[in-house]
Structures are given as C-alpha cells and as structure tokens.
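Everything on this sheet refers to the single structure shown next.
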2 protein chains.
Amino acid sequence: MTTEFNEKQLEILQVAEELFAEKGFDGTSIRDIAKKANINIAMISYYFGSKEKLLESLIIFRTSDLRLQLENLFSEDLSPIQKIEKLIELYINRLNKNRCLYQILHFEFSSKKRIMDFKVFTDVKKQNLLSLQKIIAEGQEKGVFRKNINTALLPPTIMGTFFHFHTNRPFYEELFNLKTEEAYDHFIKTEVISHIKQTIKAFLVYEN
Amino acid sequence: MTTEFNEKQLEILQVAEELFAEKGFDGTSIRDIAKKANINIAMISYYFGSKEKLLESLIIFRTSDLRLQLENLFSEDLSPIQKIEKLIELYINRLNKNRCLYQILHFEFSSKKRIMDFKVFTDVKKQNLLSLQKIIAEGQEKGVFRKNINTALLPPTIMGTFFHFHTNRPFYEELFNLKTEEAYDHFIKTEVISHIKQTIKAFLVYEN
DNA sequence: ACAAAAATTAAACAATCGTTTAATTTAAAC
DNA sequence: GTTTAAATTAAACGATTGTTTAATTTTTGT
C-alpha cells in the first residue's frame with residue numbers, strides 16, 4: 001500500500017474523516033460524503049473499491065509515522081522524567097492533531113461488527129508499550145521511579161484522560177468557558193497535557 | 001417517565017443494550033433486536049414508539065439512581081483519602097456493571113447526529129463534580145491534599161482510564177491472559193481499580 | 001360465555017443504503 | 001488530429017432500513 005493519493009482522493013479522505021467522526025461510520029452514507037466533497041457517488045467505489053476500504057485507506061493514510069518517534073525517544077539525552085514528559089507530549093499532541101480519526105478508531109475498534117485488519121494496531125500498541133517499558137525500567141534503575149509499576153496501565157491513563165475529556169467536550173467547553181476552537185485547542189496543549197504529566201509523574205515517583 | 005416495564009419490554013431493552021454496545025446504534029437494525037429477542041419487529045414500535053425512543057428508554061432505565069450515592073458519601077465518617085478511594089470504587093464499579101450502556105453513551109454522546117436530551121447528563125456530571133470538589137476541599141483544609149488542584153480534570157482520568165482499558169479489551173485480554181469473562185471482570189475490580197486509586201492518590205498528595 | 005382491550009403477527013410501505021453499469025466527457029499519448 | 005486511457009456522470013440495481021397497516025390471537029374484565 002502506497003500513499004499515492006491524488007487531490008480528489010485526498011479531498012474524499014478528508015471529508016470522510018470529518019463525517020465519520022461526526023456521525024460514525026454506519027451513520028455516514030457515501031452519498032453524504034459525495035455531496036460534501038462535490039463528487040459523484042461512484043467515485044468512491046472507483047477510487048477506493050468500497051466504503052470499508054475507504055476507511056482502511058484513511059487509517060493507513062493517518063497512522064504511518066506513528067512508531068518511529070517513540071523509538072527514537074529512548075536514545076535521546078534526557079532524564080527518565082524528561083522522557084516521560086516528552087512521551088506524553090508526543091502522545092497527546094498526536095491524538096489531538098488527529099482527533100477525528102482517533103474518535104473513529106475509538107469506536108470502530110470496540111465494535112465487533114467490522115472485521116478489519118486491526119492486527120496492525122495491536123502490533124503498534126505492543127511496540128509503543130515496549131518503548132514505554134524501557135523508559136520506566138531505566139528510571140527504576142536510576143532510583144527515580146518506584147518499583148512494582150504496572151506499565152501496561154499507564155497508556156490507558158494517559159490516553160484515556162484525553163479521550164474522556166474530548167468525548168465530553170461540550171461539557172468542558174462550558175465549564176472552562178472555551179468558546180472557540182483555538183481556546184479549546186490551547187487548553188488541551190497546556191492544562192490537559194500538564195495535568196496528565198503531573199498525574200503520571202506523581203504515580204511513578206510517589207511511594208504508597 | 002416511569003419504570004413500569006413488563007417482562008417483554010425488559011427483554012427488548014436488554015437485547016438492545018447488548019447489540020447497541022456491540023455494533024453501535026446505527027449498526028444495529030430493529031430486525032436484529034427482534035430476532036435476538038424472539039419478538040416481532042413491530043413490537044418495538046408498539047412498545048417504545050421508535051428506535052430512537054428505545055434508546056432513550058434504555059438510558060433512563062439504567063441511569064436513575066446515579067447521583068444519590070455520591071452525595072451521601074461526603075457525610076460518611078471517613079478520611080478524605082478513604083472517601084476518594086470509595087468514590088473511585090463507586091465510579092468504576094458502576095461503569096463496569098453497565099459497561100454496555102456506557103459504551104453506547106460514550107459514542108452517541110460524541111456523535112452530532114443524534115440530538116437527544118443530554119441536558120440530564122450534563123446536570124448529573126455537574127452534581128458529581130460538586131460532590132468531588134467538596135471532598136477535595138476538605139482534604140486540602142486538613143492538609144492531606146496539596147493546593148492548586150484542577151478538580152474537573154480528575155473524572156477524565158478516573159473514568160478515561162477505565163474506558164480506554166475497556167475499549168481496548170482484546171489487546172489487554174491478550175496481554176494479561178484474561179481468557180474468561182470472570183478473569184476480565186476480576187482484573188478490573190482489583191488491578192484497574194487499584195491502579196486508578198494509586199494514580200489519583202499520588203496526584204492529590206505529591207507536591208511537584 | 002361474551003365483549004373489550006391488549007398483544008402479536010405477516011405483509012407492505014416508502015426511503016435509503018452500498019454498489020454496479022453503461023454512456024459520456026476529459027486528458028494524455030503518439 | 002486521431003487514438004487510447006482515465007475521469008466523471010446519471011441511472012438503475014437489489015438489499016436493507018425504520019415504520020405502519022390491517023388482520024389475528026391472546027388476555028382481561030364482567
């Protein structure tokens with residue numbers, strides 16, 4: 001699978017991403033997509049084969065360079081705590097940047113209806129978990145982090161916090177008075193990331 | 001709205017809950033529901049009016065006694081930390097018990113397609129947040145918790161951790177070798193709850 | 001036992017779904 | 001300029017959707 005998408009295909013992918021995230025995969029018809037993208041409904045089958053393959057193309061298109069950044073992180077000249085902080089920034093900024101897609105995945109992944117090639121994603125998750133475990137182990141050896149840490153439960157806290165915040169966006173927009181897209185985005189990049197950093201750092205350091 | 005559901009209606013609600021959680025609201029047809037519940041497709045319109053009203057009935061049916069437990073918690077004779085621990089148990093056990101429904105809500109809530117009476121839920125959320133804030137404030141006055149805590153970001157961490165774990169259930173089932181429903185349920189009630197408790201306690205106590 | 005109400009059924013409804021076809025227009029190659 | 005391929009279109013396809021209808025069975029009240 002290559003990424004040789006022409007302008008029309010990119011337009012379709014972008015519109016599909018918005019609509020899928022907004023109304024769900026099943027809730028979006030190819031006529032909705034065609035209408036919003038100003039193309040004929042047949043073009044979707046013509047370019048992607050089917051509606052399901054359109055989603056697959058979308059996923060591949062958006063999650064190609066996910067893994068490398070984390071792998072390189074370990075080798076950088078940073079303290080374990082700094083690495084954790086940077087890892088959280090990488091994670092959240094990525095989720096935040098591709099909100100729409102991850103909202104789709106978040107649901108479609110939990111759906112038993114679609115039988116897709118999700119092995120790609122479990123593999124990516126395992127790799128990411130290994131990268132995280134290396135950093136934690138390093139921190140423990142240096143005596144910065146405590147022992148007996150169940151590393152696999154850290155990503156749920158990191159990503160889950162963001163997702164739950166974003167899923168309940170209208171509630172928090174009202175609560176924190178975030179009227180514009182920029183204000184919301186800024187709140188995530190400062191307050192939410194800071195909260196997650198504090199939480200994880202405290203968890204790693206604090207002896208019970 | 002009363003809860004005078006007969007056996008047939010309860011059967012429909014239960015089957016609908018399972019299918020909605022499994023395949024999504026749009027992904028489930030009333031014929032799927034009727035088939036699994038061994039009833040005629042017309043019975044759904046007959047009893048609930050429409051497919052959307054069936055979902056509304058389901059939500060009301062499952063979220064009636066949510067608020068009281070938290071309000072009573074503050075008055076109990078417990079330390080702030082014990083209250084937080086009990087609050088987390090209340091939260092997660094409730095989410096875990098009604099996994100299916102909350103999975104539906106989790107998605108439908110973020111969907112802009114359905115325009116339902118979600119004001120009920122934002123009100124519940126605000127009430128729950130106030131209950132939590134009272135406990136945090138008490139802990140701060142007693143010098144147990146640190147200052148400058150953004151209380152509103154705690155529920156995302158508590159609930160988000162659980163949701164993200166559950167959304168990626170197949171991944172963690174493999175990782176922790178949780179082959180049966182009982183093993184999975186037990187892991188949540190012990191490991192996941194314990195992890196969240198540790199995380200939140202560390203966050204509340206640990207000075208940066 | 002009989003009448004009225006409730007429950008249940010099969011069938012049909014119009015609407016929408018994803019996909020395909022066949023014809024036409026546009027672009028590229030020579 | 002002609003030929004060939006790619007892009008685009010409108011139309012139709014069969015399947016499925018949520019809902020309604022009208023007839024039938026079951027239950028209930030008297």
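Only this structure's heavy atoms are used, side chains among them; waters, hydrogens and symmetry mates stay out. A, B, ... follow the sequence lines: proteins, then strands. Residue 1 opens every chain.
Residues from residues 39-49 of chain B lying near DNA chain D, meaning a heavy-atom separation below 4.0 Å, are Ile41(B), Ala42(B), Ser45(B) in numerical order. Scanning residues 30-38 of chain A for heavy-atom distances under 4.0 Å to DNA chain D yields Arg31(A).
Not counting sequence neighbours, the partners of Glu173(B) by the side-chain hydrogen bond (donor to acceptor under 3.5 Å, both in side chains) test are Arg169(B). Scored by the side-chain hydrogen bond (donor to acceptor under 3.5 Å, both in side chains) test, Lys97(B) finds no partners at all (sequence neighbours excluded). Under the side-chain hydrogen bond (donor to acceptor under 3.5 Å, both in side chains) criterion, Gln140(B) pairs with no residue at all, not counting sequence neighbours. Remark: Glu76(B) engages Leu73(B), Leu78(B), Lys86(B) in a side-chain contact (heavy atoms from CB on, under 4.5 Å) (not counting sequence neighbours). By the ring-ring contact (aromatic ring centres under 6.0 Å, His included) test, Phe176(A) pairs with Phe187(A), sequence neighbours left out. Partners of Ala137(B) by side-chain contact (heavy atoms from CB on, under 4.5 Å), not counting sequence neighbours: none found. Judged as a side-chain hydrogen bond (donor to acceptor under 3.5 Å, both in side chains), and not counting sequence neighbours, Tyr206(A) has no contacts.
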Inset, instruction - Kindly express the pairing pattern of DNA chain D in dot-bracket notation, using | wherever a base pairs with another strand and counting only Watson-Crick or G-U pairs under 3.5 Å. - result: |||||||||||||||||||||||||||.||
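Because its NZ or CZ atom is both nearer than 6.0 Å to the ring centre of Phe74(B) and within 45° of the ring axis, Lys134(B) counts as a cation-pi partner of that residue. For the pair Lys125(B) and Phe171(A), the cation-pi criterion (under 6.0 Å, within 45° of the ring axis) is fulfilled.
The side-chain hydrogen bond (donor to acceptor under 3.5 Å, both in side chains) pairs that include a residue from residues 151-162 of chain B are Thr157(A)-Thr161(B), Thr161(A)-Thr157(B), His195(A)-Thr157(B), where partners are two or more places apart or lie in different chains.
Across Lys36(A), Glu18(A), Lys23(A), a single residue satisfies side-chain contact (heavy atoms from CB on, under 4.5 Å) together with Thr28(A), and that is Lys23(A).
Using a cutoff of 4.0 Å between basic side-chain nitrogens and carboxylate oxygens, Asp185(A) and Lys189(A) are scored as salt-bridged.
With a heavy-atom cut-off of 4.0 Å to chain B, the contacted part of DNA chain C has its first and last nucleotide at dA6(C) to dA12(C).
For the pair Gln9(A) CD and dA6(D) C1', the interatomic distance rounds to 12 Å; values are reported in whole Å.
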